[in-house]
Amino acid sequence: MRAMTYRGPYRVRVEEKPDPRIEHPNDAVVRVERAAICGSDLHLYHGMMPDTRIGHTFGHEFIGVVEQVGPSVRSLAVGDRVMVPFHISCGSCWFCARGLFTNCHNVNPNATAVGGIFGYSHTTGGYDGGQAERVRVPFADVGPQVIPEWLDPDDALMMTDALGTGYFGAQLASIREGDTVVVLGAGPVGLYAAKSAWFMGAGRVIVVDQLEYRLEKARTFAHAETINFAEVDDVVLEMKKQTDFLGADSVIDAVGAEADGNFTQQLTSAKLKLQGGSPTALNWAIDGVRKGGTVSAMGAYGPIPNAVKFGDAMNKGVTIHMNQAPVKRQWPRLLEHIQAGHLKPSEIITHRIPLEHIDEAYHLFSAKLDDCIKTVIVP
């Protein structure tokens, strides 16, 4: 089969790889119909994540058709069109039993930190991802869900990570009715988090970014106010000015490891790899939230230490909620919002690119060319 393969930082290409096969009775093999490039894939592409091995296939956002099922699979049949959550979960360990599917203890040799994730290096289990013609899906009775006939496939694709993660970020923000919520980052996850904040009862939503075309999308898609941090002297001071100098009730970090805005943080993380990512956005969140407020962090960071302002957070009495998003847990409510017409996830898709041009797709998305917000890959 054809599959995207990693050849080193900033180098990806399509190669022939062996077709995936059933390795366990509860496996399925899915023929990919659509995949997507996620902002967190760029952390791999840029060489930010440890143990990203040559030949690894990225892609944790994908939908497709079931081609094979193992003898123990009961919930899926050959021919089913399914959406597959980005996380791999056994469904029965201590963590899965409590809904913490991204912290599953049985799917990753490094499970003290995180569970299994498709296409996200050997740090998260070494599973090949969906930027390929086919993918092996372990624990097929736990993760995948048959796509309802009424659901647009593009909307289903967004549910596999970005939408579920953005919604989860708003949940983590502990929003109360009338709260002011600031979202850092106007990429796909930030846009979904801003949109979801209204569902949680926010009275005001402000999105911070430096790219005007993404801020325009925040205004039209998420109906948010915006701050371009490249146009203000001090973004934290601007956040304070806009909140009566108290700070926001909640701040959501939807950026993660490659946040712009601080040269030293970028140098020590992206360039020198001394940190598991630049915590610029997370520090802005800590500084910009009010005393006693809540910071939500679901932007991806690497497992090595970061220079986070923990003392400031402690002295302000800030509550920090964080995790990889258990997106399947969000699906029932999100399906209700989509069916009711409150949300059209595919509105943020800007580009569709064939799998054979995956190198161009990554360059376009990484360099934010052509007003790119969300890229769909078609095998």
Are [X] and [Y] connected, step by step, through hydrophobic side chains (Ile, Leu, Val, Met, Phe, Trp, Tyr) whose heavy atoms are closer than 4.5 Å?
X	Y	answer
V378	M83	yes
L172	V208	no
I358	L42	yes
F168	L334	no
V236	I286	yes

Fit a plane to each ring of [X] and [Y], take the angle between them on a 0 to 90° scale, and name the class: parallel (under 30°), tilted (30 to 60°) or perpendicular (over 60°).
X	Y	value
W284	F229	perpendicular
H342	H337	tilted
F95	H105	tilted
F118	F62	perpendicular

Donor-acceptor contact present, side-chain [X] to main-chain [Y], <3.5 Å:
X	Y	answer
D359	V12	no
H87	V327	yes
D80	V146	no
T350	I373	yes
R2	L355	no
D249	T180	yes
D161	E61	no
N108	G116	no
D152	D154	yes
T160	L157	yes

Please tell me if the side chains of [X] and [Y] come closer than 4.5 Å, counting only heavy atoms from C-beta onward.
X	Y	result
R31	V65	yes
D27	P138	yes
V207	R214	no
E33	P153	no
P144	V137	yes
M159	I338	yes
V135	D128	no
F139	I88	yes

Which atom pair, heavy atoms only, marks the closest approach of [X] to [Y]?
X	Y	value
T243	M239	OG1-O, 2.8 Å
Q131	T57	O-CG2, 3.7 Å
I54	G8	CD1-N, 3.6 Å
A254	G185	CB-O, 4.4 Å
L184	A281	CD1-O, 3.1 Å
L163	P345	CD2-CG, 3.5 Å

Worksheet item: Take atom CZ in F310; do more than 12 heavy atoms of anything else shown fall under 6.0 Å from it?
Response: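 Open: at most 12 neighbouring heavy atoms sit under 6.0 Å from CZ of F310.
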Item to complete: Step through the shown structure and confirm whether more than 12 heavy atoms of other residues, nucleotides or ligands are within 6.0 Å of CZ on R7.
Response: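 Atom CZ in R7 is crowded, with more than 12 foreign heavy atoms closer than 6.0 Å.
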Item to complete: Go through Y120 and H43 one step at a time and tell me if the side-chain contact (heavy atoms from CB on, under 4.5 Å) criterion holds.
Response: CA-CA 10 Å; Y120 213 71; H43 306 333; 3.6 Å; yes
Worksheet item: What pairs with E225 under salt bridge (Lys or Arg N to Asp or Glu O under 4.0 Å), at least two apart in sequence or on another chain?
Response: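 E225 satisfies salt bridge (Lys or Arg N to Asp or Glu O under 4.0 Å) with R204 once adjacent residues are dropped.
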Worksheet entry | D209/K217 ion pair, N-O < 4.0 Å |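 Salt bridge absent between D209 and K217.
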Item to complete: Look at R53 together with D51 and state whether they make a salt bridge at an N to O cut-off of under 4.0 Å.
Response: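 Salt bridge between R53 and D51, a charged N being under 4.0 Å from a carboxylate O: yes.
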Worksheet item: Passes side-chain contact (heavy atoms from CB on, under 4.5 Å), Q210 versus E231? Steps please.
Response: CA-CA 8 Å; Q210 66 173 332; E231 296 179 355; over 6 Å; no
Who passes side-chain hydrogen bond (donor to acceptor under 3.5 Å, both in side chains) against [X], sequence neighbours left out?
X	result
R176	none
N315	none
S121	T123

Practice prompt. Would you list the pairs meeting side-chain hydrogen bond (donor to acceptor under 3.5 Å, both in side chains) in which at least one residue belongs to residues 141-151, sequence neighbours left out?
Written response: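 Listed once each, the pairs are S75-D141.
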First locate atom [atom1] of [X], then atom [atom2] of [Y], and finally report the distance between them rounded to the nearest 0.5 Å.
X	Y	atom1	atom2	answer
E216	F221	CD	CZ	13.5 Å
M4	E356	CE	CD	14.5 Å
E347	M158	CD	CE	12.5 Å
L246	K291	CG	NZ	8.5 Å
I348	K374	CD1	NZ	6.0 Å
R352	T375	CZ	OG1	10.5 Å

Practice prompt. Establish, from distance only, whether the side-chain atoms of T5 and K17 form a donor-acceptor pair under 3.5 Å.
Written response: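 The criterion, which ignores hydrogens and geometry beyond distance, is not satisfied for K17 and T5.
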Fill in: Side chains of S366 and H46, donor plus acceptor under 3.5 Å
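Yes, H46 and S366 have a side-chain donor paired with an acceptor closer than 3.5 Å.
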Item to complete: Would you please test S89 and K328 for side-chain contact (heavy atoms from CB on, under 4.5 Å) and show each step?
Response: CA-CA 10 Å; S89 314; K328 188 171 182 178; over 6 Å; no
Worksheet entry | Residue pairs, two or more places apart or on separate chains, that pass ring-ring contact (aromatic ring centres under 6.0 Å, His included) and touch residues 350-379 |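 As it turns out, the ring-ring contact (aromatic ring centres under 6.0 Å, His included) pairs with a partner in residues 350-379, which skip direct neighbours, are Y45-Y362.
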Item to complete: Among V318, D312, D234, find the residue that satisfies the side-chain contact (heavy atoms from CB on, under 4.5 Å) test when tested with D287.
Response: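 Single side-chain contact (heavy atoms from CB on, under 4.5 Å) partner of D287 among V318, D312, D234: D312.
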